[in-house]
Amino acid sequence: MSTLPASSISLDTRAAVEELYARYVKCLDDGAFDQWPGFFTKDCVYKLQARENYDRGLPLALMMFESHAMLVDRVFGITTTLYHQPYYQRHIVSGLMVNRNPDGSLHAEANYAVFRTKRNALTDVFNVGRYLDEIVEVEGTLKFRQKLCIYDSELVPNSLIYPI
Amino acid sequence: MNAPEQLPAAASPVHWARGTASRVPYRVYTDEELYRRELDRFFYTGHWCYAGLEAEIPNPGDFKRTAIGEREVILVRAADGSVQVVENRCAHRGVVFCQEKHGNAKDFTCPYHQWNYDLKGNLTGLPFRRGVKVRDEAGKVQVNGGMPADFKLEENGLTKLKVAVKGGVIFASFDHDVEDLDSYLGAVRPWFERAFNGRKLTLLGYSRQRIPGNWKLMQENIKDPYHPGLLHTWFVTFGLWRNDQRAQMITDAHGRHAAMVGWKNAGGKGEVTQGVTSFKEGMTLQDERVLDVVPEAWWAHPQGEPGAPPSACMQTIFPNLIIQHNVNSISTRQIIPVGPHAFDFIWTHFGFADDTAEMTQRRLRQANLFGPSGYVSADDGEVIELSQDGFRQSADNATVCELDGTGQGGAPHNVTETLIRSMYGYYRKVMEI
Ligand SMILES: [Fe+2]
């Protein structure tokens, strides 16, 4: 094991970030989409982007939201207008790394795997990638100022409706 | 095996009810033999297929790997600047030698026996072509192996496709006798040229999905102006589509290609939105930047029709291309069939070299409407999957495609399935079924 870097954050901070991730994925896995925007700051950026685009510096994303309000609009879209076969999501998050940015905010990265289970169907591996996140404290609560979900999966198995 | 199994009866002729193309037999979407014939007759002969954009391979040596039908190809810019399309299959042992999706190369070498090809697909050399010199026990030089004396490099290159580049878009055909691209495009050519008038394109990125449905269902989806006002309630809610809006349905003389031209409306309540489930009057976006539509000069109607320019033109270029212009979002969508029951759908979003940073951002923001997660596209993939499920369930049935009658050709409105019938009119001729 290498020694911890000097910029290492406290175990309390790490525990708080772990708690944030646990609550975030529980919200999505429970299908509590109305609560999803609450994990973000008002001026947040959320992107779900293919790794090939990210690696090549191509800006296109599958979902690209530039404010809390756009997240609220996404929730309206998926709960009210966007026809889709319903499915459960199950997120597995691992390999969390947390560092402090010079401005005091936190930079966190973690691997994720999302399994999809449609009604009456076998479970399949749906989307696999890495979170690249910027986290700030707002009135005592950690929130995502930026969340990039960079997925390895070369093909989306038909459609991807719910946030990751 | 214990008991001898009954062999299935030989494929019966495909029955088209009413003798037209208005009832499409489910077998056309599920039958393996018909699918093989489609690959041969639409993807490998007589047709141009989309391969990519020049903007994807701007410099000599740049290449991109893709597929036409089920055959992998590489598009590459040669040292002289020309665009080449070659099959990704070594002439020696069939190896699909290129495994990167894109890159820059001086030449191509197969990993198996190092056969080497130049960027135009010519075989330049292979190891031990003249054999290996060894000395026998007496010290005499002899040659082991080597290719036959009459082996010719020029007869053993990669399969080269015919290439046509138009307005920055690259088409290719395995069939070197295919007609010229302009006449191939026919009546949709002015609409193609409206989007691709020679301006330099900039690549914004890709979305890729595998849709578990027959490839023709995607052609049908973009020849179907009946569904957006019903399936895509997001469109209706926020005013981008209503079935009573001004529209033009165009097809070529063969009925294979089409353009659905539309003028966005002011949204809101009306006769055609009353029956739409989940339509909510007065809904507005919390962040309206997603619909911050700014008209562009190139939207002008190519035949100079008066009034506002059309805000959308969805083109289907048979067999494997859809060209999307919908407000400020533009993309090509490529169909790669994967057996009769699935296809890969590759979205390439782009802009123009003279776009401002603001316009680029607008295009990216509006891309939220399209693609595998898009507000008005994810649902297309979903219903295509469900159609295919139904086709598999009951092979002897047929679809009903009779909105606006049983005829074929264009139409001056959205309440029609004429473009789908036109495609199947052409399909029946080429397939001889
Ligand atoms: Fe659609």
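Just so it is clear: chains get the letters A, B, ... in the order the sequence lines come, proteins before strands, and each one is counted from 1.
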Output the residues of residues 284-294 of chain B for which the shortest heavy-atom distance to chain A is under 4.5 Å, in residue-number order; output 'none' if no such residue exists.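 Residues B:L285, B:Q286, B:D287, B:R289, B:V290 are the ones that qualify, each having a heavy atom under 4.5 Å from chain A.
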Heavy-atom contacts under 4.5 Å, residues 329-349 of chain B to chain A: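 Only B:D344, B:H349 of residues 329-349 of chain B have a heavy atom under 4.5 Å from chain A.
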Relative to chain B, which of [options] shows the most heavy atom pairs under 4.5 Å?
options	value
A:E52, A:M63, A:H84	A:E52
A:L58, A:V72, A:L71	A:L58
A:L62, A:L48, A:D73, A:I161	A:D73

Short side-chain donor-acceptor distance under 3.5 Å, A:N99 and A:H107: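 Their side chains do not contain a donor-acceptor pair, so the 3.5 Å distance test is not met.
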Using a distance-only test with no angle check, is there a side-chain donor-acceptor pair under 3.5 angstrom linking A:E134 and A:S105?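 Looking only at side-chain atoms, A:S105 and A:E134 do not form any donor-acceptor pair under 3.5 Å.
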Identify which of B:F370, B:Y206, B:W234 forms the greatest number of heavy-atom pairs closer than 4.5 Å to chain A.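 Among B:F370, B:Y206, B:W234, the one with the most close pairs to chain A is B:Y206.
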Top contributor to chain A contacts, counting heavy-atom pairs under 4.5 Å, from B:V376, B:N368, B:D379: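 Of the options given, most contacts go to B:N368.
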Validation row, ring centre [X] to ring centre [Y] under 6.0 Å:
X	Y	value
A:F144	A:Y46	no
B:F350	B:F196	yes
A:F65	A:F40	no

Under 4.5 Å from a heavy atom of chain A, the part of B:H102 involved: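 Side chain only.
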Measuring heavy-atom distances to chain A, does B:I384 have an atom under 4.5 Å in its side chain, in its backbone, in both, or in neither?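 Contact with chain A involves no heavy atom of B:I384 at all.
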Side chain, backbone, both or neither: which part of [X] has an atom under 4.5 Å from a heavy atom of chain B?
X	value
A:Q49	neither
A:Q85	both
A:P59	both

Under the side-chain contact (heavy atoms from CB on, under 4.5 Å) test, which residues partner A:T79, sequence neighbours left out?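 Result, side-chain contact (heavy atoms from CB on, under 4.5 Å) vs A:T79: A:V75.
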Taking NZ, NE, NH1 and NH2 as the nitrogens, is one of them in [X] or [Y] under 4.0 Å from a carboxylate oxygen of the other?
X	Y	value
B:E100	B:R65	no
B:E54	B:K200	no
A:R51	A:D152	yes

What's the shortest heavy-atom distance between B:S373 and A:L82, and which atoms?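 Heavy atoms only, the tightest pair is O-CD2, 4.2 Å.
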How far does CG of B:N326 sit from CE of B:M314, to the nearest 0.5 angstrom?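 Reported value, rounded in 0.5 Å steps: 6.5 Å.
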Test of understanding: with salt bridge (Lys or Arg N to Asp or Glu O under 4.0 Å), list the residues that count as partners of B:R363, not counting sequence neighbours.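 B:R363: salt bridge (Lys or Arg N to Asp or Glu O under 4.0 Å) contacts with B:E296, B:D355.
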Distance under 6.0 Å and angle within 45° of the ring axis: does A:K147 meet both against A:F39?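 So A:K147 doesn't make the cation-pi contact.
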Tell me whether the guanidinium CZ or amine NZ of A:R74 lies under 6.0 angstrom from the six-membered ring centre of A:Y162 and within 45° of its axis.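 No, cation not above the ring by the 6.0 Å, 45° rule.
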